[in-house]
Asker: 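Pasting a structure here, questions to come.
Here is the naming used below: chain letters follow the sequence lines, and residue numbers restart at 1 for every chain. Just so you know, these numbers come straight off a predicted model, no measurement behind them.
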2 protein chains.
Amino acid sequence: MSLPKYQQLAATMRKRIKEHAYAPKSLLPDQNTLAKEFGVSRLTIKKALDGLAQEGLIYKQSGVGTVVLGIALENGEDSPAERFDGLTKLVGSAHVRSKILKFDITFPSPKVQKQLVIGPDDPVYDIRRLRLIDGEPWIIEHTYFRVKMVPNLTHKILEHSIYAYINNDLHLKFGGAYRRIGATLTTQEDIDNLGGKAGEPVLQVEQVVWLTTGQNIEYSISRNLARNRSYTVLDINQN
Amino acid sequence: MSLPKYQQLAATMRKRIKEHAYAPKSLLPDQNTLAKEFGVSRLTIKKALDGLAQEGLIYKQSGVGTVVLGIALENGEDSPAERFDGLTKLVGSAHVRSKILKFDITFPSPKVQKQLVIGPDDPVYDIRRLRLIDGEPWIIEHTYFRVKMVPNLTHKILEHSIYAYINNDLHLKFGGAYRRIGATLTTQEDIDNLGGKAGEPVLQVEQVVWLTTGQNIEYSISRNLARNRSYTVLDINQN
DNA sequence: GAGTGGTCTAGACCACTAC
DNA sequence: TAGTGGTCTAGACCACTCC
């Protein structure tokens with residue numbers, strides 16, 4: 001337990017809320033009372049509550065108090081952090097397999113140059129993988145990595161988790177991603193690999209991922225049959 | 001100017017970053033230096049920087065410093081706050097018109113009961129609107145509001161902005177939303193109203209909106225032709 | 001070892017809500 | 001008027017990175 005106090009407090013409070021030790025729609029004890037109970041300063045309590053507010057578990061209103069919401073609970077743990085762990089960690093590596101459809105090095109097309117903010121002479125890996133969950137075809141991923149930033153990719157790595165390689169072996173950290181979600185129809189490749197029919201709707205997620213250094217590392221397009229997966233977002237209104 | 005100091009500081013720093021007074025990829029002055037420059041405590045500086053980090057403008061690394069990223073800039077201001085202002089405010093009320101396709105009161109179906117967490121006897125408005133931007137059909141919205149929470153809806157309100165009515169007249173505040181984005185094909189209604197063809201892909205956004213009190217207020221399904229609009233997400237990796 | 005950001009405290013004042 | 005959460009300070013110690 002070397003977590004900072006405010007995170008430990010947040011965990012405790014989260015547990016109490018989920019176990020309804022604090023009833024939904026009721027007011028939490030005020031921050032001074034909580035500070036005394038836990039033997040910490042009020043600011044530390046506030047910081048813990050700030051985190052819970054961002055998760056949508058509580059709502060704080062000056063002059064009134066802190067209300068227990070308990071809504072985000074029902075919509076299935078949608079921790080934003082998991083978004084950067086890749087499919088393998090999300091579903092569990094035991095269930096995911098990858099079939100490599102293409103593994104090339106090329107110079108980037110103008111579109112890829114623009115997305116990765118690189119010049120035409122900066123080579124990229126051009127990868128196409130079919131991701132299977134429990135043997136069922138699920139997603140086609142078309143990914144471009146800068147060779148300079150993700151060197152020495154191998155078939156072996158591609159068959160497992162690229163993200164694990166980037167995090168654990170290259171020690172690179174994801175800073176964020178920009179995603180565009182759209183609807184399209186099946187292409188011949190979708191039909192061949194995903195088992196779709198002609199004219200079936202397909203959900204497409206286009207994304208640019210960058211590191212904490214601000215450098216773009218990946219541009220990818222993921223496609224799956226609409227009946228297999230949708231994209232969910234939990235949006236908490238700050239202000 | 002009655003904004004808190006840390007927000008004013010954040011605004012100043014944001015401006016400096018966007019004007020490249022702090023060059024991208026360079027290190028910001030350290031927090032103690034900034035605290036002296038602005039004549040505030042270090043914690044206030046940190047709070048300002050925390051905000052900028054959440055926007056994806058900078059990245060702070062303990063033991064190193066604070067790097068200027070300047071990436072989110074290019075992807076077009078995607079302020080999450082705007083998500084709760086509705087289409088009218090997003091595009092500008094001068095450009096938006098609404099054609100009311102349906103305006104009823106009914107008892108909720110089992111599905112709507114589940115989404116709004118209400119009983120079968122709690123009446124809801126059943127609204128279908130075609131939203132037009134600059135005269136062009138854009139989105140079909142199928143919306144359910146609890147009558148108890150959004151009383152006295154009129155045709156006049158529906159033709160303008162429901163969200164403005166909820167915020168300004170009812171003084172209710174949105175707490176958050178849960179959205180599911182999926183891909184489907186055109187229905188007959190889409191073809192009739194959006195001008196789509198049969199078998200064309202449609203982007204569908206299903207959402208449940210709740211208030212700061214935790215009560216669900218709205219369940220809605222929005223549909224638009226995939227060629228007209230996609231859904232974008234900016235995702236910053238916390239940790 | 002020097003410098004960075006992260007955490008934490010004790011105490012203070014403020015704006016807001018409610019009665 | 002009393003109580004709430006929001007802000008802010010000055011000062012302290014820590015873990016971490018880099019030289």
Side-chain angles (χ1 to χ4, degrees), chain A residues 1-13 22 25-54 57-69 170-173 175 211-214 236-239, chain B residues 1-13 17 22 25-54 57-69 171-173 175 211-214 236-239:
Chain A
M1 273 294 176
S2 62
L3 278 179
K5 275 189 198 177
Y6 75 94
Q7 284 186 28
Q8 296 182 33
L9 290 176
T12 304
M13 303 288 292
Y22 297 131
K25 305 213 174 190
S26 69
L27 283 177
L28 285 186
D30 68 89
Q31 297 183 351
N32 278 311
T33 306
L34 288 171
K36 269 180 202 157
E37 180 193 337
F38 291 106
V40 300
S41 78
R42 181 160 80 96
L43 203 149
T44 304
I45 288 289
K46 184 183 176 297
K47 220 172 162 188
L49 296 183
D50 283 345
L52 300 183
Q54 276 220 5
L57 281 174
I58 58 176
Y59 179 73
K60 294 180 272 136
Q61 191 173 5
S62 192
V64 180
T66 301
V67 209
V68 180
L69 298 182
L170 299 180
H171 301 291
L172 299 176
K173 220 181 146 194
L211 300 177
T212 53
T213 60
I236 304 297
N237 189 12
Q238 315 296 354
N239 286 337
Chain B
M1 272 294 175
S2 63
L3 279 178
K5 277 189 198 176
Y6 76 93
Q7 284 185 28
Q8 296 182 32
L9 289 177
T12 304
M13 304 288 292
I17 291 173
Y22 296 132
K25 305 209 171 190
S26 70
L27 283 177
L28 285 186
D30 69 89
Q31 297 182 351
N32 278 311
T33 307
L34 288 172
K36 269 180 202 158
E37 180 194 336
F38 290 106
V40 300
S41 78
R42 181 161 80 97
L43 203 151
T44 305
I45 289 289
K46 183 182 176 299
K47 222 173 162 186
L49 295 184
D50 283 346
L52 300 183
Q54 276 222 1
L57 282 174
I58 58 175
Y59 179 72
K60 295 181 270 129
Q61 190 174 5
S62 193
V64 181
T66 302
V67 210
V68 180
L69 298 182
H171 301 290
L172 299 176
K173 218 179 148 195
L211 300 177
T212 52
T213 59
I236 305 296
N237 189 12
Q238 315 296 354
N239 286 339

Asker: Are any non-hydrogen side-chain atoms of A:Leu57 and A:Met13 less than 4.5 angstrom apart?
Answerer: no
Asker: Spell out, as yes or no, whether a donor-acceptor pair under 3.5 Å connects the side chain of B:Gln8 to the backbone of B:Leu3.
Answerer: yes
Asker: By nearest nucleotide on DNA chain C, pick out whichever of A:Gly39 and A:Gln61 is the more 5' one.
Answerer: A:Gly39
Asker: Atom CD1 in B:Ile58, atom CG in B:Asp50: separation rounded to 0.5 Å?
Answerer: 8.0 Å
Asker: Categorize A:Leu49 for me: base, sugar-phosphate, or nothing, with a 4.0 angstrom heavy-atom threshold over every strand shown.
Answerer: nothing
Asker: Using a 4.0 Å heavy-atom cut-off across all strands, classify B:Lys46 as base, sugar-phosphate, or nothing.
Answerer: base
Asker: Show your reasoning for whether side chain to side chain contact (heavy atoms under 4.5 Å, CB included) applies to B:Phe38 and B:Thr44.
Answerer: CA-CA 10 Å; B:Phe38 290 106; B:Thr44 305; over 6 Å; no
Asker: Start with the C-alpha gap between B:Leu49 and B:Leu28, add the side-chain angles, then the distance that decides, and say whether side chain to side chain contact (heavy atoms under 4.5 Å, CB included) holds.
Answerer: CA-CA 10 Å; B:Leu49 295 184; B:Leu28 285 186; 4.0 Å; yes
Asker: Reading DNA chain D from 5' onward, which residue's closest nucleotide shows up sooner: A:Thr66 or B:Arg42?
Answerer: A:Thr66
Asker: Go through DNA chain C in 5' to 3' direction and return only the first and the last nucleotide with some atom under 4.0 Å of chain B's heavy atoms.
Answerer: C:dG3 to C:dC8
Asker: If you compare all heavy atoms of B:Ala10 against all heavy atoms of B:Ala48, which two are closest, and at what distance to 0.1 Å?
Answerer: N-CB, 3.8 Å
Asker: Measuring from atom NZ of A:Lys25 to atom OG1 of B:Thr213, what distance do you get when rounded to the nearest 0.5 angstrom?
Answerer: 6.5 Å
Asker: Using heavy atoms and a sub-4.0 Å distance, could you list which residues of residues 30-38 of chain B are near DNA chain C? By number, please.
Answerer: B:Asp30, B:Gln31
Asker: Testing the basics here: between A:Gln54 and A:Ile236, what is the closest heavy-atom pair and its distance to 0.1 Å?
Answerer: O-CG1, 3.2 Å
